Student: 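Got a structure for you, written out below as C-alpha cells; questions coming shortly.
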Amino acid sequence: MHKLFKGISKLYGIAESPGKVLRGAAMREVLTMDHAWIWVENGKIKSLGDQSDLRQLDGVHFDEVIDMQQQEVMPGFVDSHTHIVFASPRNEEFVMRIEGAGYEEIAAAGGGILNSARKLQLCSEDELYFDAAERLKWMICHGTTTVEIKSGYGLTLESELKMLRVIKRLKQDFPIKVRATFLGAHAFPTEFKGNPDAYVSAVIDQMMPAVCAENLANHVDVFCDKGFFSPEQTTAILEAAAKLGLRAKIHANELGITGGVQVAVDQEAWSADHLEYLGDNEFQLFAQVAGTETETIPVGLPGCSYFLGIPYANLRRLITEGCAVALATDFNPGSSPVCSLQMIWSLACTQMKLLPQEAFHAITCNAARTLRLENEVGSLAPGMDANFLAFGLKDSISTIPYFFGKNHAQQVYVNGNKVAENGNYLA
Ligand code: NIG
Ligand code: FE
C-alpha cells in the first residue's frame with residue numbers, strides 16, 4: 001500500500017535517519033523542509049522530499065494521493081507519562097485546594113491517590129475501559145499518537161491487574177502505540193500505613209510477578225517522594241523489576257529534594273519525571289549521564305505545577321547542562337487533568353521559559369527517547385512510523401503555543417491513516 005501526501009507547505013521535525021534525540025543547545029534547531037511531500041508505504045515513511053526531489057516518485061504507483069492543501073505538518077506527539085485509567089474526577093479536591101487545602105494535606109487525610117483507589121476498586125473493567133477510551137480519544141484529537149499509561153490507582157493485586165488489563169485493551173483497540181507501566185508503588189494503602197515495608201514486599205513478591213506472568217507491563221514506576229516511597233524502598237522495587245525485565249521510569253522530586261533522582265540514575269531508569277525540586281547534585285547527575293546509552297531523561301510535567309500551584313521544573317538549566325529534556329501531560333485526576341500536549345507546549349514556553357523549538361522537541365523526539373522508541377516515533381525520517389499532524393497555520397512551532405487553549409490539530413495521521421479531524425476521532 002503506497003500513499004503520497006503532497007502539497008505540504010512546511011514540514012517540521014524531520015531527521016536524516018531514525019533515532020533523533022536532541023540535547024542541550026541542539027534542542028533549538030528544528031529541521032524543516034518547504035513545499036514537501038511524504039511517501040508512505042505500509043504505514044511507514046518510505047521517503048520524503050521537496051519539489052526539487054520529485055523524480056524519486058516517477059513510476060511509483062500510488063494507491064492514494066492526498067493533497068494536504070498547503071497545511072504545515074509535524075510528527076505526532078509522544079505523551080510519555082499519563083494516568084488516564086481512573087474511576088472518576090476529583091472535583092471536590094480541586095475545590096478544597098482553591099479554598100486553601102494543600103495537595104499533601106489532602107493526601108495525608110486519605111484523599112488524593114487513596115481516594116482514586118477506593119473509587120477504582122468499585123468499578124468494573126468495562127466502566128474503566130469506557131472512560132479511559134474517551135480520554136484517549138481526546139488526546140489523539142489533540143495530536144498524541146504515542147502514549148504511556150500507568151496503573152497505580154488499584155493498590156491491590158486484583159485492582160492493579162484490572163487497570164493493566166484495561167490498558168491492554170486500549171493497546172489492542174486503538175491504532176496508536178501504547179506502553180503500559182506498572183505503578184503499584186504509587187501510595188501506601190491505608191491498611192499498610194503502620195507497616196509500609198510489608199506493602200513494598202507485596203509489590204515485589206506478589207504484584208510484579210503476577211503482572212509479568214500476564215505480560216501486562218513494559219515498565220515499572222515508583223512514586224519516590226516525601227510521604228510516599230523512600231529511596232531505599234524504591235531501589236528494592238526497581239532492582240526486583242529489572243530482574244523481571246521491566247525498565248524503570250520514576251516519579252521523583254515533586255514534593256522535595258528526596259533522593260529520587262539519585263535512585264533513577266543509579267538504577268538506569270529511562271526517565272525521571274516531575275523534578276519540581278532540584279539541587280546542584282541532581283543537575284550534575286543528569287548532566288553526567290546525558291548522551292550515554294543508559295541516560296535517564298528528565299521529564300517536566302508543567303500541567304501539574306499549573307494545577308497544584310507548585311514550582312515548575314527547571315528544565316532551562318537542564319538544557320544548559322546539555323541534557324535531552326522531555327515534557328508530558330501527566331494526565332490524571334488529582335494533579336494534572338490535562339489531555340493536550342499543545343497546552344503543555346504553551347506552559348513550557350510561558351512558565352518554564354523553554355523556546356517553542358525546545359518544547360516542540362520535548363514532546364516529540366525526546367519524549368520518544370524516554371520510552372526508547374526514538375527509532376520508531378517522534379521525528380520524520382524514512383523507516384519511521386507515518387504518524388503526523390497537519391495544521392492550517394503559519395509558523396506552527398511558535399503559533400501553537402502562542403494561541404494557547406485552542407486545539408490547532410486539523411488532522412491526525414497514524415501509520416498513514418487519518419484518525420482524527422478537527423477535534424473528532426474517526427478511527
Ligand atoms: O504524577 N505524583 C504522583 N502521582 C500523580 C498524581 C496522582 C494523583 O494525585 O492522583 C502525579 O502527579
Ligand atoms: Fe504522574
Side-chain angles (χ1 to χ4, degrees), residues 79-94 96-97 101-121 128 131-132 135 139 147-155 159-160 163 167 179-189 219-229 234 237 248-256 258 260-261 264 269-277 297-313 326-339 341 344 347 367 370-371:
D79 200 344
S80 67
H81 179 144
T82 82
H83 311 246
I84 62 167
V85 181
F86 58 83
S88 54
R90 304 214 302 262
N91 305 42
E92 66 291 349
E93 292 180 10
F94 173 51
M96 281 163 76
R97 279 189 302 94
Y103 180 75
E104 289 169 76
E105 191 187 329
I106 293 170
I113 296 166
L114 295 181
N115 177 4
S116 279
R118 273 192 304 275
K119 288 176 173 159
L120 185 135
Q121 286 160 8
L128 289 173
D131 288 350
R135 293 173 197 127
M139 297 172 75
V147 68
E148 181 260 17
I149 311 172
K150 301 174 195 296
S151 70
Y153 291 127
L155 308 183
S159 292
E160 285 294 309
M163 286 188 80
I167 299 171
R179 287 288 181 265
T181 298
F182 168 65
L183 176 57
H186 198 189
F188 293 106
H219 300 288
V220 65
D221 193 340
V222 178
F223 187 11
C224 178
D225 223 316
K226 203 166 67 180
F228 291 85
F229 293 77
T234 305
I237 293 168
K249 297 172 67 60
I250 108 167
H251 281 71
N253 295 49
E254 175 186 357
L255 307 173
T258 50
V261 172
W270 284 358
S271 74
D273 307 26
H274 271 293
L275 313 179
E276 286 84 352
Y277 294 89
I297 302 285
V299 180
L301 308 171
C304 177
S305 301
Y306 167 78
F307 195 69
L308 297 185
I310 62 174
Y312 286 83
L327 292 158
T329 59
D330 192 16
F331 191 175
N332 77 73
S335 69
S336 191
V338 60
C339 68
L341 278 170
I344 295 303
L347 288 174
T370 71
L371 302 167

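This is a predicted model, so every value here is computed, not measured. In this chain, residues are counted from 1 in sequence order. In each ligand, atom 1 is the first atom listed, and ligand 1 is the first ligand listed.
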Student: Mark up the atoms of ligand 1 that fall under 4.0 Å of a heavy atom belonging to His274, in ascending order.
Tutor: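 This gives 1 (O), 2 (N), 11 (C), 12 (O) as the contact atoms.
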Student: Can you give me every donor-acceptor pair (side chain of residues 101-109, partner residue at least two apart or in another chain, under 3.5 Å) with its distance?
Tutor:
residue	atom	partner	partner atom	Å
Glu105	OE1	Gly102	N	3.0

Student: Which residue owns the protein heavy atom closest to atom 2 (N) of ligand 1, what's the atom, and how far is it?
Tutor: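 Ranking protein heavy atoms by distance from atom 2 (N) of ligand 1, first comes Glu254 OE1, 2.6 Å.
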Student: Distance alone, cut at 3.5 Å: any donor-acceptor contact between the side chains of Glu148 and Thr181?
Tutor: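 Result is yes, a qualifying pair exists.
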Student: Give the numbers and elements of all ligand 1 atoms closer than 4.0 Å to a heavy atom of His251.
Tutor: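 Answer, ordered by atom number: 1 (O), 2 (N), 3 (C), 4 (N), 11 (C).
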Student: For residues Phe229 and Phe188, establish whether the separation of their ring centroids is below 6.0 Å.
Tutor: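 Distance test on ring centres: under 6.0 Å, yes.
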Student: Do Glu93 and Asn115 have side-chain N/O donor and acceptor atoms under 3.5 Å apart?
Tutor: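 Present: a donor and an acceptor within the cut-off.
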Student: Out of His83, Lys150, His81, which residue meets the side-chain hydrogen bond (donor to acceptor under 3.5 Å, both in side chains) rule with Asp221?
Tutor: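 By the side-chain hydrogen bond (donor to acceptor under 3.5 Å, both in side chains) criterion, Asp221 pairs with just one of His83, Lys150, His81: Lys150.
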Student: Please check whether Ser116 reaches ligand 1 - meaning an N/O of the residue sits under 3.5 Å from an N/O of the ligand, judged on distance alone.
Tutor: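 Between Ser116 and ligand 1, no N or O pair is found under 3.5 Å apart.
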Student: Check whether any side-chain N or O of Glu160 sits under 3.5 Å from a backbone N or O of Leu155 as a donor-acceptor pair, and report yes or no.
Tutor: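 Here the side-chain-to-backbone pair exists.
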Student: Return the closest protein heavy atom for atom 11 (C) of ligand 1 as residue, atom name and distance.
Tutor: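 Looking at atom 11 (C) of ligand 1, the protein heavy atom closest to it is Asp330 OD2, 3.1 Å.
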Student: Identify the closest protein heavy atom to atom 3 (C) of ligand 1: which residue and atom is it, and at what distance?
Tutor: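 The protein heavy atom lying closest is Phe223 CE2, 3.4 Å.
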Student: Which residue supplies the protein heavy atom nearest to atom 5 (C) of ligand 1, what is that atom called, and how far is it?
Tutor: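 Atom 5 (C) of ligand 1 sits closest to the protein heavy atom His186 NE2, 3.6 Å.
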Student: Is it the case that the side chains of Lys226 and Thr258 hold a donor-acceptor pair, with the cut-off being a distance below 3.5 Å and no angle test?
Tutor: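 Side chains of Thr258 and Lys226: no pair found under 3.5 Å.
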Student: Is the distance between the ring centroids of Phe182 and His219 less than 6.0 Å?
Tutor: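 They do not qualify: ring centres at least 6.0 Å apart.
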Student: Closer than 2.8 Å to the Fe ion (ligand 2), how many protein N/O/S atoms do you count?
Tutor: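 There are 4 of them.
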Student: Taking the side chain from Asn253 and the backbone from Tyr277, do they hold a donor-acceptor pair closer than 3.5 Å?
Tutor: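 Confirmed, Asn253 side chain pairs with Tyr277 backbone.
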Student: Among protein heavy atoms, which sits nearest to atom 9 (O) of ligand 1, and what does the distance come to when rounded to 0.1 Å?
Tutor: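 Scanning the protein heavy atoms, the shortest distance from atom 9 (O) of ligand 1 goes to Tyr103 OH, 2.4 Å.
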Student: Has Arg118 got its NZ or CZ under 6.0 Å from the middle of the six-membered ring of Tyr153, at an angle within 45 degrees of the ring axis?
Tutor: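 Ring-cation test returns no.
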Student: Restricting to non-hydrogen atoms, name the atom on Pro302 and the atom on Ala328 that form the minimum distance, rounded to 0.1 Å.
Tutor: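 Looking at all heavy atoms of both residues, the closest pair is CD-O, 4.1 Å.
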Student: Identify the closest protein heavy atom to atom 10 (O) of ligand 1: which residue and atom is it, and at what distance?
Tutor: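 For this ligand atom, the closest protein heavy atom is Tyr153 OH, 2.6 Å.
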Student: Specify the protein heavy atom at minimum distance from atom 12 (O) of ligand 1: its residue, its atom name, and the distance to 0.1 Å.
Tutor: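 Residue, atom and distance for the closest contact: Ser335 OG, 2.5 Å.
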Student: Taking 4.0 angstrom as the limit and counting only heavy atoms of His81, give me the atoms of ligand 1 inside it, by number and element.
Tutor: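 Every atom of ligand 1 under 4.0 Å from some heavy atom of His81: 1 (O).
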